[in-house]
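Here the structure comes first, spelled out in structure tokens, and everything after it is commentary.
All heavy atoms count here, side chains included; hydrogens, waters and symmetry mates do not.
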Protein chains: 2
Amino acid sequence: MKLTEAKQQFISSWGAFGTHWGINRTMAQIHALLLISPDPLTQDDIMEELNISRGNTNMNIRELINWGLVERVLLSGERKEYFTAEKDIWKVVKQIVKERKKRELEPMLQLLDKLEEVEGDKRDKHVKTFVDTVSGIKKLGKQADKTLDVMIRAEETWFVGNLLKMFK
Amino acid sequence: MKLTEAKQQFISSWGAFGTHWGINRTMAQIHALLLISPDPLTQDDIMEELNISRGNTNMNIRELINWGLVERVLLSGERKEYFTAEKDIWKVVKQIVKERKKRELEPMLQLLDKLEEVEGDKRDKHVKTFVDTVSGIKKLGKQADKTLDVMIRAEETWFVGNLLKMFK
DNA sequence: CCGAATTTTCAAAATTTATTGAAAGTATAT
DNA sequence: ATATACTTTCAATAAATTTTGAAAATTCGG
């Protein structure tokens with residue numbers, strides 16, 4: 001397979017993959033393109049490579065910057081902004097985990113805390129099932145939260161080594 | 001907070017949560033409703049509770065069954081089908097992990113295997129960056145794959161205990 | 001086998017989400 | 001200060017996804 005074709009496949013399937021994870025296609029594709037680009041790219045490079053409009057490109061680059069996955073780079077003597085993606089995949093994964101934990105897991109846990117305190121007689125099976133379900137989710141969610149905290153601080157070598165050993 | 005209100009909040013935020021994870025709102029809401037229902041429900045119960053159409057209800061129940069999260073239940077002497085959700089959250093999580101691994105991670109790893117074999121001179125930095133990126137993702141993906149395999153087989157008590165100890 | 005109850009399908013409609021592109025905004029060099 | 005290069009915004013449009021509901025198919029008791 002030629003590089004050009006391989007690149008296209010990578011970008012397109014990274015985009016499709018993203019849509020299963022609540023990330024929009026374009027954002028994932030821009031990320032993919034930057035991941036495999038040895039040098040920083042301009043907005044125009046990205047627009048041209050992916051055939052997308054200026055506005056769309058701009059919005060999604062900014063979103064990637066918000067997620068901490070892409071950085072602005074200023075090349076000396078150049079007026080244009082360049083963009084580059086973190087290439088260390090372990091760092092990328094940790095960053096995504098960190099953001100999603102903050103955006104999704106933590107608010108969910110807060111809600112569950114409130115819902116667990118529902119009024120009513122526990123002998124009513126509707127109340128009991130509700131409280132048990134909420135508690136069960138909360139318990140697992142809190143464990144996940146702690147585990148992810150440590151993971152975010154971990155080094156890849158340490159993480160992979162230990163995790164595998166543990167699971168033998 | 002009253003049970004009725006708590007239920008509604010739970011269902012609606014479970015639905016919103018689902019949409020961040022590539023699951024459609026209705027599917028997640030039906031799942032939420034069944035999770036907190038002590039007894040199995042019919043399609044009509046679900047339609048009424050969530051105010052959704054028959055077709056929509058039917059489609060999403062079947063999808064939940066495909067995911068292994070909901071089961072058909074036949075009550076003796078009843079013609080209608082009843083549905084119930086697995087209540088053990090750890091089992092639910094394992095089931096979701098299992099399915100997503102099969103549907104998403106495994107195909108991605110297969111693709112990466114192919115893409116890693118791209119033709120071209122490694123001294124070309126475009127080729128090098130591409131191959132390095134693909135290899136990096138593949139390596140981490142394969143580790144995740146193995147780790148999830150063990151997790152899928154693990155018991156919650158064992159899992160939570162060990163994981164926490166390990167991360168201290 | 002018939003007919004009523006129930007489930008499933010699927011084309012059309014509604015809704016949600018993503019994309020465009022032109023206009024407005026900003027920064028920089030001279 | 002002005003012109004120019006570049007970035008951002010956002011209302012309109014397009015595309016993708018979800019939902020509906022009526023018709024078709026299936027199931028099951030008698």
Side-chain angles (χ1 to χ4, degrees), chain A residues 11-34 40-67 69-84 103-104, chain B residues 11-34 40-67 69-84 103-104:
Chain A
I11 290 168
S12 117
S13 54
W14 203 249
F17 202 63
T19 60
H20 286 128
W21 289 86
I23 289 160
N24 88 44
R25 192 178 308 275
T26 303
M27 185 172 151
Q29 289 188 349
I30 294 176
H31 187 223
L33 174 63
L34 289 172
L41 301 180
T42 64
Q43 198 163 288
D44 291 273
D45 293 335
I46 295 170
M47 283 168 60
E48 198 179 329
E49 194 87 32
L50 303 178
N51 283 298
I52 54 180
S53 72
R54 182 170 301 285
N56 195 10
T57 308
N58 191 271
M59 261 184 50
N60 283 291
I61 289 175
R62 270 183 306 118
E63 195 60 13
L64 283 164
I65 292 173
N66 283 343
W67 275 81
L69 298 173
V70 163
E71 284 199 330
R72 249 174 252 276
V73 177
L74 294 168
L75 295 191
S76 58
E78 287 268 14
R79 186 133 160 205
K80 272 187 188 161
E81 290 180 332
Y82 283 74
F83 301 95
T84 189
R103 294 170 191 220
E104 296 160 31
Chain B
I11 290 169
S12 117
S13 55
W14 202 249
F17 203 63
T19 60
H20 287 128
W21 290 86
I23 289 159
N24 89 44
R25 192 178 307 276
T26 303
M27 184 172 152
Q29 289 188 348
I30 294 175
H31 187 222
L33 174 62
L34 290 173
L41 301 180
T42 64
Q43 199 163 287
D44 290 273
D45 294 335
I46 296 170
M47 282 167 60
E48 198 180 328
E49 194 86 31
L50 303 178
N51 282 297
I52 54 179
S53 71
R54 183 170 301 285
N56 194 9
T57 308
N58 190 270
M59 260 184 51
N60 283 290
I61 289 175
R62 269 182 306 117
E63 195 60 12
L64 283 163
I65 293 174
N66 284 343
W67 275 79
L69 298 173
V70 164
E71 283 198 331
R72 249 173 253 274
V73 177
L74 294 167
L75 296 190
S76 58
E78 286 269 15
R79 182 132 163 207
K80 273 186 186 159
E81 291 179 331
Y82 283 75
F83 301 95
T84 189
R103 294 170 192 220
E104 296 161 29

Could you please spell out the steps behind the side chain to side chain donor-acceptor pair (under 3.5 Å) verdict for A:Arg62 and A:Asn66?
CA-CA 6 Å; A:Arg62 270 183 306 118; A:Asn66 283 343; over 6 Å; no

Take the protein atom CG of A:Asn66 and the nucleotide atom C1' of D:dT8, then report the distance between them rounded to whole Å.
14 Å

Between A:Thr19 and A:Arg72, the residue closer to the 5' end of DNA chain D by nearest nucleotide is A:Arg72

Interatomic distance where NE2 belongs to A:His20 and P belongs to D:dA16 [whole Å]
15 Å

Quickly work out the B:Asp44 CG to D:dG21 C1' distance and round it to whole Å.
14 Å

Nearest whole angstrom, please: distance from the P of D:dC28 to the CD of B:Glu78.
14 Å

By nearest-heavy-atom nucleotide on DNA chain C, the more 5' of B:Arg54 and A:Ile52 is B:Arg54

Give a yes/no on whether any side-chain N or O of A:Asn58 is located under 4.0 angstrom from OP1 or OP2 of D:dC10.
no

Side chain of B:Met59: nearest nucleotide among D:dT19, D:dT7, C:dT7?
D:dT19

Closest nucleotide among D:dT4, C:dT19, D:dT19 to the A:Arg79 side chain
D:dT4

With a 4.0 Å limit, can you tell me whether A:Arg62 has a side-chain N or O closer than that to the phosphate oxygens OP1/OP2 of D:dT9?
yes

Atom-to-atom span, CD1 of B:Ile61 to C1' of C:dT7 - whole angstrom
10 Å

Please confirm whether the shortest side-chain N or O distance from B:Asn56 to OP1 or OP2 of D:dT18 is below 4.0 Å.
no

Side chain of A:Asn24 (C-beta onward), nearest among D:dT20, C:dT17, C:dA18
C:dA18

With sugar-phosphate meaning primed atoms plus P, OP1 and OP2, does A:Glu81 contact a base, only sugar-phosphate, or nothing at under 4.0 Å between heavy atoms?
sugar-phosphate

Assess B:Arg25 against B:Trp14: is NZ or CZ under 6.0 Å from the centre of the six-membered ring, and within 45 degrees of the ring's axis?
no

Can you figure out which of C:dT7, D:dT9, C:dT19 approaches the side chain of A:Ser53 most closely?
C:dT19

Which value, rounded to the nearest 0.5 Å, describes the distance between A:Lys80 atom NZ and A:Leu75 atom CG?
11.0 Å

Using only side-chain N and O atoms of A:Thr26, determine if any of them is under 4.0 Å from OP1 or OP2 of C:dT19.
yes

Between P of C:dT17 and CE of A:Met27, the distance in whole Å
16 Å

Expressed in angstrom and rounded to an integer, what is the separation of A:Asn60 atom CG from D:dT8 atom P?
13 Å

Measure CG/B:Asn51 against C1'/D:dT18 and give the value in whole Å, please.
16 Å

Looking at A:Ala28 and A:Gly15, what are the two nearest heavy atoms and their distance?
CB-CA, 3.8 Å

Looking only at side chains, do B:Thr42 and B:Asp45 share a donor and an acceptor under 3.5 Å apart?
yes

